[in-house]
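Sequential numbering from 1 along the given sequence is applied to the chain's residues. Heavy atoms only: backbone and side chains are in, while hydrogens, waters and symmetry mates are out.
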Amino acid sequence: MSSIQHYTKVATRQVERMVPPADALLRAGATGAMAATVWSVYTQSPLVTGGAMPRDSAISQTVKHAAIGAGAGVVIGTAAHVARRTPLLGLAGVIAAGVGALYLAGRGRKPETSAPEA
């Protein structure tokens with residue numbers, strides 16, 4: 001075995017350790033998209049039936065939430081794979097993914113303003 005073949009084999013093992021198989025990423029993305037879609041439909045259905053939100057806007061929001069959910073599912077699936085393969089690095093990845101999710105979840109909120117007392 002030449003040195004190039006040896007280094008190729010070592011690099012392949014390192015990549016397999018860090019990146020999950022494509023079918024696992026696809027399943028994680030699909031699961032995240034389904035969960036986000038169900039939640040989006042659940043929260044927006046009363047607004048559409050009550051007339052507070054147009055149907056087209058609700059569909060647009062649902063598609064956007066599904067895409068975000070798919071991305072989050074892939075990130076969480078990758079972090080879980082790394083955590084199983086390399087526990088210390090996986091722990092750091094899970095913490096980073098959690099902090100990032102909390103940041104993104106709070107980013108869309110407007111600061112609350114207190115009403116002036118009368």
If hydrophobic residues (ILVMFWY) are linked whenever their side-chain heavy atoms come closer than 4.5 Å, directly or via other members, who joins Tyr42 in its cluster?
Trp39
Looking at Gly29 and Val74, what are the two nearest heavy atoms and their distance?
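Looks like CA-CG2, 3.8 Å.
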Using modelled atom types and a 3.5 Å cut-off, is there a donor and acceptor pairing between side-chain atoms of Ser40 and backbone atoms of Ala36?
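No; zero donor-acceptor contacts below 3.5 Å.
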Main chain of Gly77, side chain of His81: is a donor-acceptor contact present, judged purely on distance under 3.5 Å?
no
Please tabulate, for the side chains in residues 47-57, all donor-acceptor contacts under 3.5 angstrom to protein atoms that are two or more places apart in sequence or on a different chain.
residue, atom, partner, partner atom, Å
Thr49, OG1, Ser45, O, 3.0
Thr49, OG1, Pro46, O, 3.2

Gln61 side, atom CD; Thr43 side, atom OG1 - distance, nearest 0.5 Å:
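Rounded to the nearest 0.5 Å, the CD-OG1 separation comes out at 9.0 Å.
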